[in-house]
2 protein chains.
Amino acid sequence: MDAPEDARPNPTIYDVAKAAGVAPSTVSRAFSRPGRVNSETAERIRRIANEIGYRTNPLARGLPNGRTALLAVIVADVTNPFFFEIIRGAEKTASEAGYTLLVVDAQESVDAEREALERTLPLVEGLILATSRMSDSSIRVAAKQRPTVVMNRVMTDVPSVLTDNARGMRSAVEHLAGLGHTSLTYVAGPEASWADGMRWRAFREATSELELKARRIGPYPPTLAGGLSAAQALAKHSTTAVVAYNDLLAIGAIRGLKRLGRSVPADVSVIGFDNIFGSDFCTPPLTTVAAPLRHLGAFAVQNLLAQLRSSTPAGSSGPTLLPAKLVERGSTAPRRATKKRRATATDGNPVRQPA
Amino acid sequence: MDAPEDARPNPTIYDVAKAAGVAPSTVSRAFSRPGRVNSETAERIRRIANEIGYRTNPLARGLPNGRTALLAVIVADVTNPFFFEIIRGAEKTASEAGYTLLVVDAQESVDAEREALERTLPLVEGLILATSRMSDSSIRVAAKQRPTVVMNRVMTDVPSVLTDNARGMRSAVEHLAGLGHTSLTYVAGPEASWADGMRWRAFREATSELELKARRIGPYPPTLAGGLSAAQALAKHSTTAVVAYNDLLAIGAIRGLKRLGRSVPADVSVIGFDNIFGSDFCTPPLTTVAAPLRHLGAFAVQNLLAQLRSSTPAGSSGPTLLPAKLVERGSTAPRRATKKRRATATDGNPVRQPA
DNA sequence: ATGAAAGCGCTAACAA
DNA sequence: TTGTTAGCGCTTTCAT
């Protein structure tokens with residue numbers, strides 16, 4: 001053979017069989033999932049296997065039936081802190097059930113996402129699409145092949161989990177109204193985002209019910225940079241209260257506003273969405289609609305596992321709403337008594353930071 | 001609906017072969033990596049395959065030869081922003097090379113890490129251990145099985161990439177010394193952390209060369225909570241300058257210090273390590289030793305790919321140091337003229353926030 | 001409960 | 001170039 005000893009392949013089921021003096025299939029059974037065979041032989045086989053360092057090969061195991069013990073979550077952007085806790089929740093639930101969770105980054109690009117999907121789909125038993133940017137039909141195609149759960153997006157025929165945006169937005173708007181604000185601005189996230197649509201709609205409904213003026217600017221990328229741009233538009237109008245599509249946008253907007261000489265929350269109150277890492281130690285600490293991040297992840301995996309067990313044709317369960325919760329921190333304050341302030345841009349020295 | 005026809009298995013190489021009137025192996029060749037076969041037949045086969053929706057099954061493909069086009073990075077804690085950019089860098093490089101990167105969370109636990117390793121190792125062609133908590137020997141065992149790159153840790157016989165901690169620490173200490181601080185405290189991270197050892201050592205060397213007093217407290221978990229605890233210890237002594245094991249710890253310490261009535265940077269200057277997401281918008285913005293996060297990830301993957309191509313026995317390349325860079329922001333300031341301040345704990349009302 | 005045999009979908013020699 | 005023939009390591013009928 002070629003490689004003399006570097007290629008000492010892992011022991012296989014056959015090696016174990018030989019060492020134990022049984023048939024390969026017996027070894028296989030000693031390691032198979034259900035009933036967890038418990039005869040003396042099985043016990044002995046496992047001991048021997050352990051001694052000679054046998055590890056079952058997941059690739060080979062998966063070939064005959066598709067049982068790979070792998071689950072995947074495709075996130076729009078690993079770099080976005082929104083996903084951290086989701087991943088953690090999913091990971092934990094998955095590993096407790098004996099599954100490995102693969103985290104795949106779509107790099108905020110539809111093409112990359114589709115490619116990632118194609119690459120991972122055949123490997124895994126189930127799939128979580130966290131904030132997918134793909135079309136409904138693309139998702140449906142994937143869901144036909146493997147149990148799928150969609151996150152932060154409603155689909156009629158694919159199980160989905162999402163934050164209760166409507167009620168979350170509602171409480172945000174009420175909070176602002178309670179502080180005396182009468183004219184609210186929504187800073188929109190990416191157009192392709194389903195959640196953005198939901199939030200904007202809920203925003204309009206809530207403001208109209210409470211008879212507040214509603215405005216919308218955007219779309220902006222859901223990033224700090226996006227928020228910085230938004231701040232410019234915000235500064236041009238006399239906005240006193242804004243709700244941003246998400247925390248990143250909100251934090252970016254706050255920073256931008258500050259640079260432009262506006263004070264938060266004195267001049268303008270800002271509310272974010274999601275309660276991501278960092279939202280509590282930015283300045284001022286961000287008032288935000290907290291998404292049940294960890295639960296979202298855990299729930300998605302549980303749903304997947306349930307589908308796997310029952311081999312349910314997926315479509316059965318409708319969207320599941322997990323409650324959001326307004327976290328009041330320092331970025332919101334009562335509206336100033338002053339009516340028209342013209343001096344805004346000049347009071348205090350605009351903080352100049354290098355970009 | 002039940003699924004009478006749900007079990008329409010994906011078309012296989014045989015289906016394509018039949019449709020194209022060729023042998024299966026010919027189909028296989030039409031899809032194989034190297035020469036990217038270009039005969040007319042190959043072209044035709046690919047067209048037909050595409051029509052009937054054939055997708056090559058990575059599981060089956062991997063079985064004979066282990067070529068799964070999968071790479072894995074095992075991170076100590078997906079929840080830690082330190083890894084975001086590393087993952088992004090790795091992901092990008094990997095996907096450009098046609099590989100899929102699996103991100104696996106070790107949940108900051110050695111056991112979980114070992115398990116994750118065992119699960120993923122057989123699946124992938126190469127492995128990146130980002131800030132592993134496992135023993136050198138465990139890592140060596142893994143590296144025997146698959147090309148491996150270790151991050152943020154030096155190993156003689158396994159390729160590794162890491163930030164140039166020594167020079168980074170050096171610049172941090174010099175910065176502090178330049179501001180007039182004479183007594184520095186190092187807030188230590190987890191004991192098992194190799195990087196922590198490095199940083200502490202570099203800290204001692206730099207301080208002694210510059211004839212500064214050096215103290216060390218800890219270990220603390222490298223989290224915000226850890227920093228909060230550290231603040232208590234910090235407040236007990238009259239420290240004016242601290243370098244923390246990482247940004248999370250630093251940010252936590254700053255928050256804790258504030259709650260205890262100390263002002264940063266007026267009373268105490270704080271420097272972190274890594275320049276993670278959030279370190280620029282916390283209050284005050286954190287002065288920190290920026291790690292070349294994205295490069296670390298990209299480099300690790302490149303190294304892996306190189307190993308795969310050349311089937312180098314890994315051990316050849318020594319550790320690679322990527323330069324760190326001190327980012328001066330708002331958490332450091334000149335040492336106060338005042339010599340002994342006894343009033344510290346009582347001036348101003350200690351901000352009391354619910355934990 | 002165990003053994004024998006037939007694949008899972010693909011790749012990799014070897015011939016032709 | 002293309003077809004033929006064995007497997008990769010495991011699971012799964014089907015007998016025993």
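Proteins come first, then strands; the chains are lettered A, B, ... in the order of their sequence lines, and each starts at number 1. This is a predicted model, so every value here is computed, not measured. Computed over heavy atoms, backbone and side chain alike; hydrogens, waters and symmetry mates excluded.
Considering only heavy atoms from C-beta on, B/Trp194 comes within 4.5 Å of B/Val154 through its side chain. By the 4.5 Å heavy-atom criterion applied to side chains, B/Asp15 and B/Thr12 are counted as neighbours.
Panel note: side chain B/Arg146, backbone B/Val124; a donor-acceptor pair is recorded below 3.5 Å.
Residues meeting the ring-ring contact (aromatic ring centres under 6.0 Å, His included) test with B/Phe299, sequence neighbours left out: none. Partners of A/Ala192 under the side chain to side chain contact (heavy atoms under 4.5 Å, CB included) rule, at least two apart in sequence or in another chain, are A/Arg133. A/Leu321 is linked by a side chain to side chain contact (heavy atoms under 4.5 Å, CB included) to A/Leu162, A/Asp164, counting only residues two or more places apart in sequence or in another chain. Partners of B/Arg55 according to the side chain to side chain contact (heavy atoms under 4.5 Å, CB included) rule, which considers only residues two or more places apart in sequence or in another chain, are A/Glu118.
Straight-line distance from the CD atom of B/Glu43 to the C1' atom of D/dT2: 17 Å, rounded to whole Å. If you measure from atom CG of B/Leu63 to atom P of D/dC8, you get 10 Å, rounded to the nearest angstrom. Nucleotide D/dC10 holds its C1' atom 14 Å from the CG atom of B/Asn57, rounded to whole Å. The distance from atom CD1 of A/Ile45 to atom C1' of C/dA1 is 11 Å, rounded to the nearest whole Å. Note: CD (B/Glu125) to C1' (D/dC8) measures 15 Å, nearest angstrom.
Where A/Pro58 and B/Thr41 meet DNA chain D, the nucleotide closest to each residue was compared, and B/Thr41 sits on the side nearer the 5' end.
At a cut-off of 3.5 Å, with distance as the only test, no side-chain donor of B/Gln302 or B/Thr93 sits close to an acceptor on the other residue.
Rounded to 10°, the helix from C/dA1-D/dT16 to C/dA16-D/dT1 has 30° between the axis fitted to its first five pairs and the one fitted to its last five.
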request  = Sugar-phosphate means primed atoms, P, OP1 and OP2; the rest is base. With that split, encode nucleotides 11-16 of chain D 5' to 3' as B, S or - using protein heavy atoms under 4.0 Å.
outcome  = BB----

